[in-house]
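Worksheet for the structure shown next.
Chain letters run A, B, ... following the sequence lines, proteins first and then strands; every chain starts at 1.
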Protein chains: 2
Amino acid sequence: MSNAIDELQAIIAELKSELEEQKTCTRNARERIERMSAEVVDSNPYSRLMALQRMNIVKDYERIRDKAVAIVGVGGVGSVTADMLTRCGIGKLILFDYDKVELANMNRLFFTPDQAGLSKVEAAARTLSFINPDVRIETHNYNITTVDNFDKFLSTISESGMQQGQPVDLVLSCVDNFEARMAINAACNENNLNWFESGVSENAVSGHIQFIRPGDTACFACAPPLVVAENIDERTLKREGVCAASLPTTMGITAGLLVQNALKYLLNFGEVSDYLGYNALNDFFPKMTLKPNTQCDDRHCLQRQKEFQERPKPVLQQVEEVSDEPLHASNDWGIELVADDAPVAEQAPKATDTANVASGLRLAYEAPEKEAVDQAGHAAAGDGMPETSLEDLMAQMKSM
Amino acid sequence: MSNAIDELQAIIAELKSELEEQKTCTRNARERIERMSAEVVDSNPYSRLMALQRMNIVKDYERIRDKAVAIVGVGGVGSVTADMLTRCGIGKLILFDYDKVELANMNRLFFTPDQAGLSKVEAAARTLSFINPDVRIETHNYNITTVDNFDKFLSTISESGMQQGQPVDLVLSCVDNFEARMAINAACNENNLNWFESGVSENAVSGHIQFIRPGDTACFACAPPLVVAENIDERTLKREGVCAASLPTTMGITAGLLVQNALKYLLNFGEVSDYLGYNALNDFFPKMTLKPNTQCDDRHCLQRQKEFQERPKPVLQQVEEVSDEPLHASNDWGIELVADDAPVAEQAPKATDTANVASGLRLAYEAPEKEAVDQAGHAAAGDGMPETSLEDLMAQMKSM
């Protein structure tokens with residue numbers, strides 16, 4: 001009898017040990033770290049980031065811990081965006097999505113097959129906390145485009161920053177449809193929040209990011225969004241019911257360009273691109289700047305434009321608002337922001353293609369409503385969208 | 001007594017159940033799939049890749065299952081490269097590295113803190129097999145630069161392709177030092193294998209990929225490698241003993257550009273870039289082509305150059321060898337391969353900066369040995385590296 005008990009206890013000991021081993025593989029692998037250290041040891045997860053200071057790229061890297069970023073859409077682009085910001089040690093991430101992980105998502109980075117069926121925000125939060133327990137993760141599992149949820153979204157991005165009651169520092173749009181982009185646009189115009197829009201084409205071989213500063217640059221309602229020109233019909237950014245192609249490469253590159261520009265903005269280094277496109281077929285990366293439409297349908301956009309116009313001049317001060325210290329020395333080359341050597345699409349211009357967009361780009365779709373008003377709006381957007389080079393800007397500043 | 005046994009058995013049952021639950025989280029989450037299906041259902045991990053055919057981007061996507069790719073270096077770039085190819089459903093991956101995962105690697109994508117201490121190839125193989133059990137993964141945990149290991153490396157890439165005895169379809173260099181790049185270069189010249197070199201700068205804000213086709217383009221020994229010009233001293237690609245800065249963004253973008261171009265090459269779509277640089281500070285992406293150095297130190301390179309010269313002309317046929325069907329319609333734009341609007345670095349030219357490289361680029365370092373011989377070599381490399389545009393190439397072809 002006591003023999004049997006010994007045997008059973010041996011089995012228990014073995015099972016406990018096996019369970020402990022299994023848990024080691026899944027539990028948090030490191031404790032939280034109070035302050036980022038620049039110490040060069042293998043056990044320091046921040047040594048290679050803090051080295052950005054020694055390399056004279058970033059002045060104060062640890063400021064990233066004071067930044068809160070909202071990511072709307074945690075799919076192919078949004079999940080990698082969250083992963084990158086988490087590994088960079090961002091202070092707080094607020095994730096919005098209402099979709100579930102499916103095996104059909106496995107051709108993009110981040111999610112794993114065992115997560116199929118979980119909500120994307122929950123699966124992402126688990127993985128991100130495991131990767132870096134120092135990042136505060138908040139999840140919102142709902143569709144932001146319904147009336148009630150839009151209000152929740154609006155109050156969250158304006159009050160759930162690093163300090164309660166403060167807005168987030170940046171909103172990143174990683175959604176795949178027009179309505180969600182318009183909702184983010186409306187919320188950011190109302191709250192006067194800077195945000196980046198991003199997108200990947202249905203054929204998986206082009207993507208773009210766009211930095212929208214209410215009143216300063218075109219908002220999403222000012223002008224139809226641009227896509228890198230290609231020889232396929234791509235009138236919508238994403239249509240309901242179409243099984244879009246996707247690639248981990250294009251999604252990963254788009255997320256990388258998005259986060260890189262977000263880091264430049266948040267940590268004040270380099271030069272943030274206003275619009276950056278990517279065509280995978282020929283490795284073409286057009287850049288441009290879009291001015292706001294003075295006849296934009298969004299009244300908050302018009303209000304922001306008015307405020308922007310009323311801000312003290314000269315232009316130099318406007319530049320300083322974005323970057324409160326001298327631009328990195330590498331920016332003194334006088335790179336043009338426009339791609340005027342860009343290829344010209346072969347297609348004949350469409351009715352809505354009349355806006356003065358950089359060559360190599362075209363409008364993603366015709367706006368879905370108010371045909372007549374829109375035509376006027378587009379014309380105004382066209383007039384209001386001159387191609388501006390950094391050289392021109394520099395020349396303007398020097399002449400003042 | 002029998003009461004005690006009941007209790008112990010209850011504990012055992014509970015532990016077994018808990019263990020089963022833990023294991024569910026880590027075991028393979030899906031069975032292998034015999035053939036890629038284009039069926040649009042949430043449970044199909046290949047639906048969004050097969051959609052590339054419906055979108056007229058790739059003619060026969062499933063051919064990717066017949067491709068074997070060697071990845072040398074499974075760090076910040078190599079691990080994401082392997083992840084992307086695995087999610088794309090590549091036939092076989094052969095991974096080479098001799099390093100261990102450390103917490104200091106957590107600022108880049110892919111590895112997780114629980115893997116600290118594991119060999120990079122082993123940790124990567126586990127994760128990759130879990131993500132996609134259809135991919136054959138082979139690991140080699142050694143430094144390819146020692147004499148014995150170099151021979152093993154040489155025979156592996158020439159005999160461990162999809163069919164035993166056949167070479168791999170492509171070699172991707174994701175290493176971080178000069179010696180390893182020279183070893184890959186020597187092996188690929190000897191085996192006449194096409195490969196991509198990749199790299200990220202020590203200050204984390206630039207990267208590049210370079211497609212090397214022995215005899216056709218400059219090999220790594222033909223000319224010092226190029227980096228995107230920046231205002232910091234960057235004489236080596238990676239120096240021993242320096243704690244380089246790194247960012248998940250730059251590494252992820254470089255991996256994305258590498259795999260995207262590898263996919264274009266393997267699946268025959270779009271236009272493969274010969275050299276593509278990335279400067280994160282201003283989102284500048286220079287492109288160029290480097291011709292081989294007729295006085296290259298590598299005798300196999302000279303042999304490949306001779307063979308290439310002796311191949312049947314006209315140029316059109318050479319193009320056809322790479323691409324045996326018409327280029328995608330999007331390539332008819334006549335994009336220039338060179339970045340002749342590129343910014344010019346402010347630094348005074350160095351002794352080795354005399355090679356005729358595209359503006360905005362400069363040589364990464366002075367070659368480490370044989371000063372005198374090298375000076376001659378560089379001069380010759382300079383003479384042999386004209387900037388060729390696709391337009392020029394098209395014009396040449398049309399005139400034949």
Seminar exercise, completed: When the 4.5 angstrom heavy-atom criterion is applied to B:Val259 and chain A, the contacting part is both
For this session: Please flag which part of A:Asn261 lies under 4.5 Å from any non-hydrogen atom of chain B: side chain, backbone, both or neither.
Result: side chain
Problem set entry | Within-4.5 Å side-chain heavy-atom neighbours: A:Thr249 and B:Lys264 | no
Exercise. Is B:Glu271 close to A:Leu281 at the side-chain level, that is, under 4.5 Å between some pair of heavy atoms?
Worked result: no
Problem set entry | Residue, of A:Ala104, A:Ala51, A:Gly89, that accumulates the most heavy atom pairs under 4.5 Å with chain B | A:Ala104
Exercise. Between B:Asn44 and chain A, which part of the residue has a heavy atom less than 4.5 Å away: side chain, backbone, both or neither?
Worked result: backbone
Problem set entry | Best-contacting candidate, A:Ser43, A:Gly256, A:Ala116, A:Ser246, against chain B by heavy atom pairs under 4.5 angstrom | A:Ser246
For this session: Please report the shortest heavy-atom distance between B:Met55 and A:Glu202, naming the atom on each side.
Result: CE-O, 3.5 Å
Exercise. Given the options A:Val40, A:Leu258, A:Thr81, A:Leu85, which has more heavy-atom pairs under 4.5 Å with chain B than any of the others?
Worked result: A:Val40
For this session: Please round to the nearest 0.5 Å and tell me the distance separating atom CG of A:Leu103 and atom OG of B:Ser47.
Result: 9.5 Å
For this session: Measure A:Thr250 against the heavy atoms of chain B and call it side chain, backbone, both or neither at under 4.5 Å.
Result: both
Exercise. Do the non-hydrogen side-chain atoms of B:Met106 and A:Asn132 ever get within less than 4.5 Å of each other?
Worked result: no
Exercise. Does A:Tyr278 reach the side chain of B:Leu257, with side-chain heavy atoms less than 4.5 Å apart?
Worked result: yes
For this session: Could you grab the distance from atom CZ of B:Arg87 to atom CE of A:Met251, nearest 0.5 Å is fine?
Result: 12.0 Å
Problem set entry | Working for side-chain contact (heavy atoms from CB on, under 4.5 Å), residues A:Ile11 and B:Leu8 | CA-CA 10 Å; A:Ile11 290 170; B:Leu8 289 173; over 6 Å; no
For this session: Identify the heavy atoms of B:Ala280 and A:Gln260 that sit nearest to each other, and give their distance.
Result: CB-NE2, 3.3 Å
Exercise. Relative to chain B, which segment of A:Leu276 carries a heavy atom at a distance below 4.5 Å: side chain, backbone, both, or neither?
Worked result: side chain
Exercise. Atom CG in B:Asn203, atom CZ in A:Arg54: separation rounded to 0.5 Å?
Worked result: 12.0 Å
Exercise. Picking from A:Cys88, A:Ala204, A:Ala255, A:Pro248, which has the most non-hydrogen pairs under 4.5 angstrom with chain B?
Worked result: A:Pro248
For this session: Measure the OG1-CZ distance between A:Thr112 and B:Phe130 for me, rounded to the nearest 0.5 Å.
Result: 5.0 Å
Exercise. Top residue by heavy-atom pair count (under 4.5 Å) with chain A, among B:Gln115, B:Lys100, B:Arg108?
Worked result: B:Arg108
For this session: Go through the atoms of B:Tyr46 and report whether side chain, backbone, both or neither lie under 4.5 Å from a heavy atom of chain A.
Result: neither
Problem set entry | Interchain contact, A:Leu263 with chain B, by part (heavy-atom threshold 4.5 Å) | side chain
Exercise. How many angstroms lie between atom OG1 of B:Thr86 and atom CG of A:Asn107, to the nearest 0.5 angstrom?
Worked result: 12.5 Å
For this session: Count the heavy-atom pairs under 4.5 Å between each of A:Val41, A:Leu49, A:Asp83 and chain B, then report the option with the highest count.
Result: A:Leu49
Problem set entry | Spacing of B:Ile12 atom CD1 and A:Lys16 atom NZ [to the nearest 0.5 Å] | 10.5 Å
